[in-house]
Novice: 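Structure in structure tokens, see below.
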There are 2 protein chains.
Amino acid sequence: MEKAINDATYWREFDNNALSHSMAHYLMAINALRDDLGYARTTDVAEMLSVSRGAASMALSQLKKRGWVAEDPHRFLLLTNHGKQITNSIEHNYVILSKFFERVLHVDEPTAAADACKIEHLMSMETGQRLLWLMRYLLSDEELAVRVRERMKGFRERCDPIQGSVCPICGGEDECLASESEAGRES
Amino acid sequence: MEKAINDATYWREFDNNALSHSMAHYLMAINALRDDLGYARTTDVAEMLSVSRGAASMALSQLKKRGWVAEDPHRFLLLTNHGKQITNSIEHNYVILSKFFERVLHVDEPTAAADACKIEHLMSMETGQRLLWLMRYLLSDEELAVRVRERMKGFRERCDPIQGSVCPICGGEDECLASESEAGRES
DNA sequence: AATTTTTGTTCAGCAAGGTAAACAACGAAG
DNA sequence: CTTCGTTGTTTACCTTGCTGAACAAAAATT
């Protein structure tokens, strides 16, 4: 049976997530800095993330304690193998999401980036993998994919009801898209 | 120009989000209880979310202060119009996401629900709307969509590289899907 | 009417994640 | 050698969101 949207086994997994949003960005900052500068220090991480050195210091000591971050002989920050794996998977999710939003859904770049950034560490690898499959297919040169893109272009522009389509949400016959425009965004 | 993944204007929006994950679920709990029981009290909300009555009491007083929750003449909890709008949009996002994961990506139900639950309040309405468009199209009876579903079934099963396809992530020629299986999930 | 239960609120405490300020330690420059 | 700037850590404090315990008020029972 399907669990309710408020089922406690689901809704509280949010906080129990293996890696918090901020921790993910500390890891990615180390990665980016080592690529850009060849090294990463606490101060550099703090500056990149626009947090105080104190906050960075404490967060990084947490990550060291968990075995995801270490220091090289020159006392520069370093991702451990485990840390590198985690970082890669999150960056991977970010790229999949942002490119999917931009190239498949044609969401504008800033919105795509913002949405992907919030979601990257929450989407399971399972879902990310399958989203990548879909995107690879829809963006391929395969004749069918090309025709779908063309067809979807018109669909998006006119937002026209598809013949014989049943709304995947309400199960109804096209009312859903219309009724939903009422639901505005809050302040 | 494209902003970096760690750009502070993006990564810290996570905490500045208009509505936190837990607040969203307090709102949805009220909604669900009024549908199920015809009323909603603090204790009912607490029980549905598996939190203490104290936590629910404090969270709800926050939501009242923000004007999203009120009390009816019988002192039962009530969503204001504004609160109702917000709740609807989040529930809408949840349904879009979970159905997209299940029916388009064929993710198993528990994973789809867990992922959707974490993301529902973070995905913009813009992106959600477009995702709905895509899903409506891909699940429609239109001849092209049917053929795509059939084609994707084989694609998923064999995970075969598509002829002439360029990996939307690395830009390369099919190495990306392979190299990515290294990136395991952490503990 | 008196007692017990349920309900809702408040309070102290904890954890995550920030800030600002104080401070130690190192390295370069006078 | 001393002084100054940078670096990294620590400390006190804030906010969100939870727990558990104490407590008041309302409902239900006896």
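Each chain gets a letter, A, B and so on, in the order the sequences are listed, and its residues count up from 1. Small disclaimer: the values here were computed from a predicted structure and weren't measured.
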Novice: In terms of side-chain heavy atoms of A/S57, which of D/dT9, D/dG17, C/dG8 is nearest?
Specialist: D/dT9
Novice: Tell me whether the side-chain N/O atoms of A/S20 come closer than 4.0 Å to OP1 or OP2 in C/dG17.
Specialist: yes
Novice: Is the phosphate of C/dA16 approached by A/S22 (side-chain N or O, under 4.0 Å from OP1 or OP2)?
Specialist: no
Novice: Specify the separation, in whole Å, of atom CZ of B/R75 and atom C1' of C/dT9.
Specialist: 11 Å
Novice: Given 3.5 Å as the limit, does a donor-acceptor pair link the side chain of A/N6 with the main chain of B/M48, or not?
Specialist: no
Novice: What verdict does the side-chain contact (heavy atoms from CB on, under 4.5 Å) test give for A/L77 and A/K64, after you've listed the backbone C-alpha separation in whole Å, the side-chain angles of each residue and the deciding distance to 0.1 Å?
Specialist: CA-CA 10 Å; A/L77 295 167; A/K64 286 171 192 164; 3.8 Å; yes
Novice: Measuring to OP1 and OP2 of D/dT16, would you say a side-chain N or O of B/Y26 lies under 4.0 angstrom away?
Specialist: no
Novice: Give the rounded distance in Å between these two atoms: NE2 of B/H74 and C1' of D/dA27.
Specialist: 16 Å
Novice: Specify the separation, in whole Å, of atom CG of B/L60 and atom P of C/dG8.
Specialist: 10 Å
Novice: Using whole Å, what does the distance between atom C1' of nucleotide C/dT7 and atom CG of B/L37 come to?
Specialist: 16 Å
Novice: Between the side chain of B/R147 and the main-chain N/O of B/E142, is any donor-acceptor distance below 3.5 Å?
Specialist: no
Novice: So does A/H121 get a backbone contact from the side chain of A/N17, meaning a donor-acceptor N/O pair under 3.5 Å?
Specialist: yes
Novice: I need a per-nucleotide contact map over nucleotides 19-24 of chain C, read 5' to 3'. Cutoff is protein heavy atoms under 4.0 Å; write B for the base, S for backbone only, - otherwise.
Specialist: B-----
Novice: For the pair made of CD in B/E13 and P in C/dG17, what is the distance, rounded to whole Å?
Specialist: 19 Å
Novice: Ignoring backbone atoms, establish whether A/T43 has a side-chain N or O less than 4.0 Å from OP1 or OP2 of D/dT6.
Specialist: no
Novice: Identify which nucleotide among C/dG18, D/dG17, C/dT9 has an atom closest to any side-chain atom of B/K64, counting heavy atoms from C-beta outward.
Specialist: C/dT9
Novice: Spell out, as yes or no, whether a donor-acceptor pair under 3.5 Å connects the side chain of A/R130 to the backbone of B/F101.
Specialist: no
Novice: Just how far, in rounded Å, is P of D/dG17 from CZ of B/R66?
Specialist: 7 Å
Novice: Quick check on DNA chain D: between A/R41 and A/D15, whose nearest nucleotide comes earlier from the 5' end?
Specialist: A/R41
Novice: Using whole Å, what does the distance between atom C1' of nucleotide D/dT7 and atom CG of A/L33 come to?
Specialist: 15 Å
Novice: To the nearest Å, give me how far apart CG (A/N17) and C1' (D/dC18) are.
Specialist: 17 Å
Novice: Hey, does A/L27 have a side-chain heavy atom less than 4.5 Å from the side chain of A/M23?
Specialist: no
Novice: With a 3.5 Å distance limit and no angle check, can you tell me whether A/H21 reaches the backbone of B/W11 through a side-chain donor-acceptor pair?
Specialist: yes
